[in-house]
There are 2 protein chains.
Amino acid sequence: MKKFLSNISIQVNPHSYLKDPESSPLGKRIIAGSIELIEEIGFENFTFQKLAKTIKSTEASVYRYFESKHKLLQYLTIWYWGWLEYHFIFKTANIDSPEEKLKRAIILLTKPIDEDHSFAHINEVKLQNIIISESPKVFLTKEVDQENKAGVYTGYKMLVGRVSDIILEINPNYKYPHMLVSTIIEGAHNQRFFADHLPGLTDIVKGEDAVTEFYKAMVFHAIKD
Amino acid sequence: MKKFLSNISIQVNPHSYLKDPESSPLGKRIIAGSIELIEEIGFENFTFQKLAKTIKSTEASVYRYFESKHKLLQYLTIWYWGWLEYHFIFKTANIDSPEEKLKRAIILLTKPIDEDHSFAHINEVKLQNIIISESPKVFLTKEVDQENKAGVYTGYKMLVGRVSDIILEINPNYKYPHMLVSTIIEGAHNQRFFADHLPGLTDIVKGEDAVTEFYKAMVFHAIKD
DNA sequence: CATATATGATAGTTTTACTATTATTTTTGT
DNA sequence: ACAAAAATAATAGTAAAACTATCATATATG
């Protein structure tokens with residue numbers, strides 16, 4: 001899957017930035033550098049000073065793009081939801097069977113990504129690691145309601161809504177489609193984290209992608225009458 | 001359910017504290033005060049200086065009990081897992097049917113708690129709100145592996161292990177019991193948070209505890225052959 | 001009642017998060 | 001090609017947070 005998105009870009013809610021990082025080379029270096037650095041040292045240890053040093057710029061310049069490191073992480077997660085939604089549309093296009101569409105959606109939402117380099121300055125694999133380890137910190141704050149009003153979570157809700165719609169195509173009487181979808185998205189992140197760091201909280205089955213298998217079976221059982 | 005634990009206390013891994021807060025009145029004020037304050041202002045805005053002020057002590061005194069606010073939050077979550085495990089044992093004691101035990105376990109893990117005051121200095125309802133909004137921040141750090149080695153997550157794993165054992169009693173061939181249990185624990189927290197702040201990510205059904213109903217149905221469907 | 005221990009009062013250090021100012025470089029319109 | 005505008009760099013500074021240290025005082029204990 002190479003460069004198939006060469007002329008499109010993921011729209012990110014401007015609430016998360018002061019100046020669009022897509023609009024300049026420095027902005028792109030900030031994004032690329034922050035993905036590298038957050039993945040490497042973790043969000044708590046990440047500072048704009050360290051970022052400036054790695055991308056050979058200055059703290060003040062970074063602050064012209066992002067008001068805080070929290071907003072930068074927010075930007076990255078919004079971008080990721082947009083990226084997921086794009087792939088979702090791509091992967092379910094022209095498929096008639098809702099069961100097959102749902103299966104593909106679950107794979108997208110639970111499998112580690114291997115594709116790369118659709119966007120020159122974004123390392124999707126590292127970004128996904130950041131999403132797994134850091135993304136709950138974006139919404140688990142006292143500012144979540146304001147941010148929600150500002151539209152920060154629209155992309156996430158759209159994605160959940162799209163997958164929910166497929167579930168309702170399969171079973172129009174199923175009562176909890178959104179719950180099921182957000183459970184598998186957040187759950188898959190947790191399970192990947194547990195597999196790496198707290199294996200006692202998960203089940204690792206050799207020669208099998210247990211996370212995807214587990215959620216696939218779970219979803220199809222849950223929505224059956 | 002009143003004071004039925006008058007002579008027992010929840011053991012917390014000493015890795016999380018410098019001096020046992022259960023061992024002194026000041027220690028108990030630190031715990032009580034931090035539960036109030038973290039619930040009110042959120043973990044990011046919480047500082048030892050603010051805590052000291054609310055409990056009428058000093059920053060330096062708080063630091064004699066906890067090395068950092070991260071360790072304090074860790075202490076609270078370890079205590080909560082111990083509390084849950086105790087309740088789990090209590091609620092499943094003398095029940096023969098594994099289905100009934102599992103049902104009770106799911107209720108315990110997914111329902112908001114209403115009982116109170118079993119432990120004088122701990123407000124369990126507020127503590128649960130903290131667990132919902134802040135507990136992933138305990139393990140989602142670069143220090144998780146060291147902490148795990150130090151036994152910080154033993155209580156969580158024990159709890160997950162106990163519920164998994166019931167699942168295996170019902171279906172010895174089920175491959176993912178730990179995954180299923182940790183999915184419902186973390187999932188229920190997320191869904192409660194979403195219901196309050198990001199309702200587009202969940203399904204609120206009036207006159208019904210949708211979270212508990214959803215996970216009960218999900219689990220029993222998942223473990224069926 | 002002497003001694004040890006816990007807490008309080010106070011002050012200090014380092015780091016982070018962020019703002020302000022001016023100089024220099026790069027971009028853009030004509 | 002060049003002047004004006006915009007972006008970035010260089011530098012410095014402030015406020016608060018996250019600790020650490022010291023000494024005085026209170027409380028508990030043997």
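The structure displayed is predicted, hence computed values, not measured ones. Convention: sequence-line order gives letters A, B, ...; per-chain numbering from 1. Computed from heavy atoms alone, side chains included, the values below leave out hydrogens, waters and symmetry copies.
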Problem - B/Phe194, B/Tyr215, B/Phe214 screened by ring-ring contact (aromatic ring centres under 6.0 Å, His included) with A/Tyr176, the one that passes - result: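 Only match with A/Tyr176 under ring-ring contact (aromatic ring centres under 6.0 Å, His included): B/Phe214.
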Less than 4.0 angstrom between a side-chain N/O of [X] and OP1 or OP2 of [N], yes or no?
X: A/Ser24; N: D/dT8; result: yes
X: A/Tyr63; N: C/dA20; result: no
X: A/Ser61; N: D/dA9; result: yes
X: A/Tyr65; N: D/dT8; result: yes
X: B/Lys69; N: D/dA17; result: no
X: A/Ser57; N: D/dA9; result: yes

In whole Å, what is the span from the [atom1] atom of [X] to the [atom2] atom of [N]?
X: B/Glu44; N: C/dA17; atom1: CD; atom2: C1'; result: 14 Å
X: B/Leu51; N: D/dC19; atom1: CG; atom2: C1'; result: 15 Å
X: B/Leu18; N: C/dT5; atom1: CG; atom2: P; result: 17 Å
X: B/Asp20; N: C/dT5; atom1: CG; atom2: P; result: 17 Å
X: A/Arg64; N: C/dA17; atom1: CZ; atom2: C1'; result: 16 Å
X: A/Lys71; N: C/dC18; atom1: NZ; atom2: P; result: 10 Å
X: B/Lys28; N: C/dA6; atom1: NZ; atom2: P; result: 15 Å
X: B/Lys53; N: C/dG8; atom1: NZ; atom2: P; result: 16 Å

Problem - Pairwise 5' ranking along DNA chain D for B/Phe48 and A/Lys56, keeping only the more 5' one - result: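 Upstream on the strand: A/Lys56.
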Handout entry: CG-CD1 distance between A/Leu108 and A/Ile113, expressed to the nearest 0.5 angstrom
Key =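 Taking CG in A/Leu108 and CD1 in A/Ile113, the distance rounds to 9.0 Å.
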Taking the minimum atom-to-atom distance to the side chain of [X], which one of [options] wins?
X: A/Thr47; options: C/dA17, D/dA21, C/dG8; value: C/dA17
X: B/Ala60; options: D/dC19, C/dT10, D/dT11; value: C/dT10
X: B/Lys19; options: C/dC18, C/dT16, C/dT7; value: C/dT7

Practice task
Determine the contact category for A/Phe66: base if any of its heavy atoms lies under 4.0 Å from a base atom, sugar-phosphate if only primed atoms, P, OP1 or OP2 are that close, otherwise nothing.
Solution key: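 If one applies the 4.0 Å heavy-atom cut-off, A/Phe66 turns out to touch nothing in the nucleic acid.
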Practice task
Assess whether one donor atom and one acceptor atom, taken from the side chain of B/Glu59 and the base of D/dC19, lie less than 3.5 Å apart.
Solution key: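 Such a pair is found, so the answer is yes.
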Exercise for the section: Would you tell me whether B/Ser135 and B/Thr77 have side-chain atoms, one donor and one acceptor, within less than 3.5 Å of each other? Expected result: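 Per modelled atom types, B/Ser135 and B/Thr77 side chains form no pair under 3.5 Å.
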Problem - Presence of salt bridge, A/Lys137 and A/Glu44, under 4.0 angstrom - result: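 Yes, this pair counts.
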Practice task
Assess B/Lys69 against B/Phe43: is NZ or CZ under 6.0 Å from the centre of the six-membered ring, and within 45 degrees of the ring's axis?
Solution key: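 Yes; both conditions hold, so B/Lys69 lies above the ring face of B/Phe43.
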